[in-house]
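A quick write-up on the structure given underneath.
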Amino acid sequence: MNSLNLQVRIMMKRKRSPKPLPPPPSTPPTPQTQSRHSTNLSKSRLWIPLNLTRQDLSLPLTFPTGQTFRWKNTAPFQYTGVIGSHLVSLKHLQNGDVCYSLHSQSNHDAKTALLDFLNADVSLADTWEVFSANDERFAGLAQHLGGARVLRQDPFECLIQFMCSSNNHISRITKMVDYVSSLGDYLGHVEGFDFHAFPTLHQLSLVSEQQLRDAGFGYRAKYIVGAVSALQSKPGGGEEWLHSLRKLDLQDVISELSKLPGVGPKVAACIALYSLDQHHAIPVDVHVWRIAQKYLLPELAGSKLTLKLCKRVAEAFVTKYGKYAGWAQAVLFIAELPSQKAILPEHLRTIKQAKPAKIENSEEESE
DNA sequence: CGGTAACCTGGGAT
DNA sequence: AATCCCAGGTTAC
């Protein structure tokens with residue numbers, strides 16, 4: 001009956017009901033979906049400048065590049081998302097400068113929350129200078145990928161998002177994250193997208209494993225329910241406990257997070273880097289592994305990515321790039337994305353054949 | 001303790 | 001058309 005309450009609350013919160021994509025049996029919280037008729041509130045919107053140039057923050061290189069799945073591209077050079085209870089749009093002006101707009105009642109703390117979320121205290125210029133000094137290729141990439149930042153997200157939101165990301169692809173991750181998001185308080189809609197505050201730990205605890213499975217979470221349904229349950233049993237509350245990890249060393253952060261079901265080294269590193277101030281955390285995925293084999297640890301080319309090698313790759317990144325190695329990883333990672341490679345000149349593009357496309361005759365193993 | 005086989009799903013390649 | 005493969009991995013054996 002908890003879930004029934006949840007359902008009622010959701011129905012009441014929702015102002016509109018787009019098509020019900022994954023139809024759960026009892027609870028139909030629809031994910032955010034394009035619903036054609038968007039209001040034109042944005043026309044008369046008040047845009048406030050942030051003191052950030054495109055080199056400080058590139059929205060297209062920061063929001064749709066895999067560190068969050070909650071922000072939507074709501075117009076050219078414009079992204080909209082939620083920070084706490086603030087529904088915010090960010091966009092580039094013609095000259096590249098960034099400005100923002102609040103869709104909810106503009107509280108004074110909204111700008112503070114926004115700057116915090118953007119990790120605005122970290123100077124990208126200073127940080128990248130170190131990377132470029134230690135890596136000629138990075139210096140080249142930096143010319144084309146300026147403004148690619150690491151965000152400082154809410155830890156709980158980050159945790160759930162990256163639990164969804166494991167062994168998964170972007171489109172389905174986004175669908176799953178949209179579903180979870182729909183369980184939070186409704187905040188408004190922008191350009192056809194519905195936006196919700198991320199559900200609280202309590203709100204998420206009201207959803208069952210079966211509901212998540214029906215929504216297409218697969219085996220991750222069990223992990224999420226388990227992780228939520230584990231968090232609820234933390235003294236002082238799970239959200240507070242997650243925040244407290246910001247004070248720990250990276251090793252301890254990874255160790256603690258890894259105790260949660262569904263959280264392994266990769267997901268833990270993502271949470272650490274994207275939400276827990278662990279700027280030298282290196283999420284080693286297949287892309288980073290390829291980067292490492294090509295440019296960092298060529299002697300490992302061909303071997304399989306084991307836990308041990310995973311740690312070795314992370315160490316190599318920190319050795320080369322220092323205490324903000326995670327920020328360097330973000331840039332190198334973006335350079336690997338098919339969607340971003342197009343903006344790079346030929347000589348900076350990487351790894352034509354990460355996995356050797358099977359050539360005609362398979363009788364011979366190429367070394 | 002290191003290595004390996006399942007695991008949900010679905011979109012794209014073969 | 002039917003399979004296979006892979007996707008920003010983790011768990012259990």
Side-chain angles (χ1 to χ4, degrees), chain A residues 21-24 31 61-70 148 150-151 153 158-180 208-227 230 254-275 281-293 300 302-314 317 326 328-341 350-351 353-362:
Chain A
L21 241 184
L61 293 178
T62 298
F63 286 91
T65 47
Q67 42 181 329
T68 174
F69 303 92
R70 292 234 315 142
V150 169
L151 298 169
Q153 302 181 57
C158 197
L159 165 72
I160 301 299
Q161 288 193 79
F162 282 96
M163 288 185 71
C164 294
S165 79
S166 71
N167 191 241
N168 208 349
H169 55 272
I170 305 289
S171 66
R172 194 156 78 105
I173 298 168
T174 303
K175 194 175 102 179
M176 291 159 62
V177 169
D178 282 350
Y179 178 88
V180 171
S208 69
E209 176 182 342
Q210 189 57 50
Q211 284 173 297
L212 291 173
R213 279 197 173 263
D214 292 340
F217 281 66
Y219 57 80
R220 300 170 199 80
K222 167 167 39 81
Y223 297 155
I224 289 177
V225 169
I254 303 275
S255 163
E256 286 299 317
L257 289 174
S258 297
K259 291 175 185 167
L260 299 171
V263 178
K266 159 65 168 60
V267 168
C270 284
I271 301 164
L273 176 61
Y274 300 135
S275 76
I282 307 295
V284 181
D285 59 22
V286 288
H287 294 290
V288 172
W289 174 229
R290 287 171 195 161
I291 293 168
Q293 289 178 104
L300 297 184
S303 38
K304 277 189 63 177
L305 183 52
T306 59
L307 178 57
K308 183 182 285 185
L309 289 184
C310 184
K311 286 179 178 168
R312 198 163 151 193
V313 169
F317 266 87
Q329 172 273 345
V331 174
L332 299 174
F333 177 81
I334 290 171
E336 293 303 308
L337 296 178
S339 56
Q340 306 295 340
K341 274 190 176 179
T350 54
I351 314 168
Q353 316 283 17
K355 47 185 176 194
K358 291 174 199 155
I359 318 184
E360 44 271 40
N361 62 2
S362 54

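Treat the numbers as computed from the prediction; the structure is a model and nothing was measured. First the proteins, then the strands, lettered A, B, ... as listed; each starts at 1.
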Applying salt bridge (charged side-chain N to carboxylate O under 4.0 Å, His left out) to A:K259 and not counting sequence neighbours gives A:E256
Ignoring hydrogens and geometry, is there a side-chain-to-backbone donor-acceptor pair from A:S303 to A:L300 under 3.5 Å? yes
Could you state the NZ-C1' distance from A:K266 to C:dT10, rounded to the nearest angstrom? 12 Å
Counting only N and O atoms by type, is there a donor-acceptor contact under 3.5 Å from the side chain of A:R220 to the main-chain atoms of A:F217? yes
Quickly work out the A:F69 CZ to C:dA7 P distance and round it to whole Å. 14 Å
Rounded P spacing from B:dA5 to C:dG8 in Å: 23 Å
A:M163 CE to C:dG8 C1': how many Å, rounded? 16 Å
Return the residues of residues 255-264 of chain A meeting this criterion: a heavy atom under 4.0 Å from some atom of DNA chain C. Order them by number, or give none. A:L260, A:P261, A:G262, A:V263, A:G264
Would you please test A:V267 and A:Y223 for side-chain contact (heavy atoms from CB on, under 4.5 Å) and show each step? CA-CA 13 Å; A:V267 168; A:Y223 297 155; over 6 Å; no
Considering the options A:D178, A:V180, A:T174, which one meets the side chain to side chain contact (heavy atoms under 4.5 Å, CB included) requirement together with A:F69? A:T174
Answer whether the closest heavy-atom distance between the side chains of A:S208 and A:V225 falls below 4.5 Å. no
Residues two or more places apart in sequence or in another chain: which of them pass salt bridge (charged side-chain N to carboxylate O under 4.0 Å, His left out) with A:R213? A:E209
Round to a whole Å and report the spacing from CG of A:L305 to P of C:dA7. 12 Å
How far apart are the closest heavy atoms of A:V313 and A:A292, and which atoms are they? CG1-CB, 3.7 Å
Just so I know, are the side chains of A:Q329 and A:I291 near enough to count as touching, which here means a heavy-atom distance under 4.5 Å? no
Check whether any side-chain heavy atom of A:V284 lies under 4.5 Å from a side-chain heavy atom of A:K311, and answer yes or no. no
Show me the protein contacts with nucleotides 1-6 of chain B, counting only N or O atoms at under 3.5 Å.
none

Testing the basics here: between A:I334 and A:A148, what is the closest heavy-atom pair and its distance to 0.1 Å? CD1-CB, 3.6 Å
Donor-acceptor under 3.5 Å (A:Q293 side chain, A:G302 main chain): yes
Stems where DNA chain B pairs, listed by first number, each of three or more Watson-Crick or G-U pairs under 3.5 Å: B:3-7 with C:9-13, B:9-14 with C:2-7
What string of B, S and - do you get for nucleotides 7-14 of chain B, 5' to 3', if B is base contact, S is sugar-phosphate-only contact and - is no contact with any protein heavy atom under 4.0 Å? BBBB----
Tell me: CD1 of A:I254 to C1' of C:dT10, nearest whole Å? 14 Å
To the nearest Å, how far apart are A:I173 CD1 and C:dC6 P? 17 Å
Base, sugar-phosphate, or nothing for A:F162, non-hydrogen atoms under 4.0 angstrom? nothing
Consider only side-chain N and O atoms of A:Q153 and A:Q67, and report whether a donor and an acceptor are under 3.5 Å apart. no
